[in-house]
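Structure, as structure tokens:
Just so it is clear, the model here is predicted, and its values are computed rather than measured. Throughout, protein chains are lettered first and strands after them, A, B, ... in sequence-line order, and every chain is numbered starting at 1.
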Amino acid sequence: MAKVLTSKEENYSQWYNDLVTKADLAENSAVRGCMVIKPYGYAIWEKMQAALDKMFKDTGHSNAYFPLFIPKSFFSKEASHVEGFAKECAVVTHYRLKNDENTNEIVVDEDARLEEELIVRPTSETIIWNTYKGWIQSYRDLPILVNQWANVVRWEMRTRLFLRTAEFLWQEGHTAHATSQEAQEETIKMMNVYATFAESFMGVPVIKGLKSENERFAGAIETYCIEALMQDGKALQAGTSHFLGQNFAKAFDVKYLNKEGKQEYVWASSWGVSTRLMGALVMAHSDDNGLVLPPKLAPTQVVIVPIYKKDEQLKEISEYAHVLKANLEKLGVTVKYDDRDTHKPGWKFAEYELKGFPVRIAIGPRDMENKTVEVARRDTLEKKLYNQSEVEKVVVDLLSDIQENIYNKALRFREENTRTADNYEAFKDLIENKGGFVYAFWDGTPETEQKIKEETKATIRCIPLDTEEKEGKCVYSGKPAKKRVLFARAY
RNA sequence: CGGGAUGUAGCACAGUCCGGUUAGUGUACCUGCUUUGGGAGCAGGGGGUCGCAGGUUCGAAUCCUGCCAUCCCGACCA
């Protein structure tokens with residue numbers, strides 16, 4: 001198992017020191033759990049953004065931007081929504097500072113108190129629906145298919161780097177529809193977009209399903225999700241898509257005139273994924289040598305490292321390396337040629353493995369003599385010699401092979417760690433001693449789910465969409481149950 | 001906010017129990033020479049409010065009191 005993100009010591013290891021660091025905001029306060037995303041980490045996020053953004057555009061969505069601040073009154077209009085988020089909100093109360101004459105320190109100017117407090121968005125449903133009210137009059141104005149790339153703040157009691165930070169980057173889609181069916185189709189469509197992204201870009205297999213009532217988004221009728229399994233046997237919610245019904249339309253009085261000339265409330269969906277996905281990427285694929293990035297999301301796919309003793313050797317190698325780099329770039333491959341003289345080849349090998357570069361090409365005097373190069377792949381750490389005449393093709397093929405291989409490896413891991421429990425003793429044993437996903441019958445009540453959570457720390461990750469209904473007995477209560485649901489301990 | 005642990009150089013730690021030279025090790029950093037096919041070697045060098053405040057003492061990183069912070073486990077959660 002990879003050493004990443006499993007304990008304190010390892011949390012601060014170099015594994016993700018390249019990606020992120022904790023922000024040192026205050027010496028003496030409750031401010032915690034903020035992260036600085038370093039350039040290399042941000043480059044990965046940009047790759048994710050680009051791929052997701054294209055998928056959103058391809059499904060008819062446009063980007064827009066809404067305010068960071070939400071008036072408290074907007075926030076409290078949807079009852080279960082405000083209840084769900086109330087305990088984790090940052091609140092703006094003042095708009096000015098002043099110099100204190102006595103202490104000569106900068107203090108909050110009490111005269112500049114806001115009449116109505118502003119909430120720093122933990123999610124944007126309220127301010128967006130308040131805005132949609134003005135955009136929608138007729139069925140001709142629908143649907144509205146909008147996405148926003150933004151930061152949000154959730155003042156969690158306990159944070160965890162990448163997975164649950166006080167401030168995080170994400171995208172949130174907010175759509176408005178004329179019919180319930182259309183909104184539900186949108187909800188499922190976006191869940192599928194997320195699943196496709198996770199599997200074909202991140203190389204992380206996911207289970208698609210519905211959240212139980214306990215785990216549902218505050219304000220949603222149904223929450224769809226994708227659940228992934230990390231290498232330490234814990235589950236991670238990787239993305240959610242909510243069918244909001246008419247809850248927000250009613251709260252913000254968003255009605256449209258239908259073809260029959262009748263006023264009707266608008267139907268809604270919202271969906272989001274966050275920088276948590278970077279945590280998923282790290283935890284799903286890393287090994288003891290560091291990150292393993294899927295080629296489709298690696299900021300740089302290939303690194304070329306020259307090996308030389310004399311300057312003339314470097315000059316000769318560099319001439320070839322530049323040609324190789326240009327050839328690969330023509331084929332759409334991103335390449336870095338690292339001819340720094342400040343580090344030795346062995347140091348560079350270790351460094352690029354730590355950073356997860358999918359392919360490394362080493363070229364030395366011996367290669368120049370034999371017209372070969374050494375190609376190493378990150379996922380298996382295999383090294384092979386190839387003729388210089390065939391390298392370009394080899395690399396292109398290798399990149400798609402790596403992409404496929406790391407997905408298959410993660411899929412195999414998930415299959416090996418997915419089990420079924422038919423009684424509570426077996427269930428507890430699996431959760432406690434094996435980890436991973438456990439399928440078990442559930443009677444469908446929140447009470448049972450809560451009891452199981454209290455006793456085992458396992459929660460229902462989702463009610464999977466692709467498993468058949470069949471008669472069974474709840475693993476906890478023994479009452480009749482219709483379906484096996486997916487349990488796991490989760491992040 | 002409860003339970004536990006920890007705070008010593010950029011990072012990782014030893015020293016604390018049992019007070020006593022100039023606070024140490026690894027790594028990172030700087031200089032020089034030799035090196036370069038898997039994180040080089042040697043020599044020299046810079047870097048410390050020992051978390052903060054108070055107390056005990058001839059003398060405190062070490063003992064006492066208070067405070068602060070961090071991490072892990074819970075409650076909360078993308």
Taking [M] as the reference, what is the distance to [N] when you measure between their [atom1] atoms (whole Å, please)?
{"N": "B/rC68", "M": "B/rC30", "atom1": "C1'", "result": "35 Å"}
{"N": "B/rU57", "M": "B/rU62", "atom1": "C1'", "result": "13 Å"}
{"N": "B/rU6", "M": "B/rU16", "atom1": "C1'", "result": "13 Å"}
{"N": "B/rG59", "M": "B/rG55", "atom1": "C1'", "result": "15 Å"}
{"N": "B/rU22", "M": "B/rG7", "atom1": "P", "result": "25 Å"}
{"N": "B/rG32", "M": "B/rG20", "atom1": "P", "result": "41 Å"}
{"N": "B/rA75", "M": "B/rG15", "atom1": "C1'", "result": "38 Å"}
{"N": "B/rA40", "M": "B/rA60", "atom1": "P", "result": "44 Å"}

**Prompt:** Excluding sequence neighbours, so at least two apart, what forms salt bridge (charged side-chain N to carboxylate O under 4.0 Å, His left out) with A/Lys54?
**Reply:** A/Asp58

**Asked** Is it true that A/Arg340 and A/Asp338 have a side-chain N and a carboxylate O under 4.0 angstrom from each other?
**Response** yes

Please pick, from [options], the nucleotide with the shortest atom-to-atom distance to any side-chain atom of [X].
{"X": "A/Glu353", "options": "B/rC77, B/rA78, B/rG38", "value": "B/rG38"}
{"X": "A/Glu88", "options": "B/rC77, B/rU36, B/rA78", "value": "B/rC77"}
{"X": "A/Glu351", "options": "B/rG39, B/rU36, B/rG38", "value": "B/rG39"}
{"X": "A/Ala350", "options": "B/rG38, B/rG37, B/rC77", "value": "B/rG38"}
{"X": "A/Arg164", "options": "B/rG39, B/rC77, B/rG37", "value": "B/rC77"}
{"X": "A/Ala362", "options": "B/rG37, B/rG39, B/rU36", "value": "B/rG37"}
{"X": "A/Pro345", "options": "B/rG37, B/rC76, B/rG39", "value": "B/rG37"}
{"X": "A/Arg366", "options": "B/rG37, B/rA78, B/rG38", "value": "B/rG37"}

Applying a 4.0 Å non-hydrogen cut-off, can you work out what [X] is touching in the nucleic acid: base, sugar-phosphate, or nothing?
{"X": "A/Ser274", "value": "base"}
{"X": "A/Lys344", "value": "base"}
{"X": "A/Phe217", "value": "nothing"}

**Asked** Going by distance alone, is a donor N or O of one side chain under 3.5 Å from an acceptor N or O of the other, for A/Thr459 and A/Arg461?
**Response** yes

Is [N] paired to anything, Watson-Crick or G-U wobble with both distances less than 3.5 Å, and if yes, which nucleotide?
{"N": "B/rG24", "value": "B/rC13"}
{"N": "B/rU56", "value": "none"}
{"N": "B/rG37", "value": "none"}
{"N": "B/rC42", "value": "B/rG32"}
{"N": "B/rA61", "value": "none"}
{"N": "B/rA5", "value": "B/rU70"}

**Request:** Look only at the side chain of A/Arg489 and the backbone of A/Lys457, and say whether a donor-acceptor pair between them is shorter than 3.5 Å.
**Result:** no

**Prompt:** Are any side-chain N or O atoms of A/Asp53 and backbone N or O atoms of A/Gln49, one a donor and one an acceptor, separated by less than 3.5 Å?
**Reply:** no

**Prompt:** Shortest non-hydrogen contact from A/Lys336 to A/Thr300?
**Reply:** N-CG2, 3.6 Å

**Complete:** Between A/Leu486 and A/Pro464 the two heavy atoms that sit nearest each other are N-CD, 4.0 Å

Interatomic distance where [atom1] belongs to [X] and [atom2] belongs to [N] [whole Å]:
{"X": "A/Leu163", "N": "B/rC76", "atom1": "CG", "atom2": "C1'", "answer": "15 Å"}
{"X": "A/Tyr491", "N": "B/rG74", "atom1": "OH", "atom2": "P", "answer": "12 Å"}
{"X": "A/Ile307", "N": "B/rU36", "atom1": "CD1", "atom2": "P", "answer": "12 Å"}
{"X": "A/Lys310", "N": "B/rU35", "atom1": "NZ", "atom2": "P", "answer": "11 Å"}
{"X": "A/Gln313", "N": "B/rU35", "atom1": "CD", "atom2": "P", "answer": "13 Å"}

**Prompt:** Do any pairs count as a side-chain hydrogen bond (donor to acceptor under 3.5 Å, both in side chains) and have a residue in residues 193-208 of chain A, sequence neighbours left out, and if so which ones?
**Reply:** A/Gln171-A/Tyr194, A/Asn192-A/Lys208

**Request:** Nearest-nucleotide wise, let me know which of A/Lys457 and A/Arg276 is further upstream toward the 5' end of RNA chain B.
**Result:** A/Lys457

**Six-ring centre of A/Tyr40, A/Lys355 cation under 6.0 angstrom, axis tolerance 45°** = yes

Any protein N or O atoms within reach of nucleotides 1-4 of chain B? Criterion: under 3.5 Å, listing atom names and distances.
none

**Request:** Using only heavy-atom distances, decide whether a donor-acceptor pair under 3.5 angstrom links the side-chain of A/Lys383 to the base of B/rG38.
**Result:** yes

**Heavy-atom neighbours of A/Asp466 CG exceed 12 at 6.0 Å** = yes

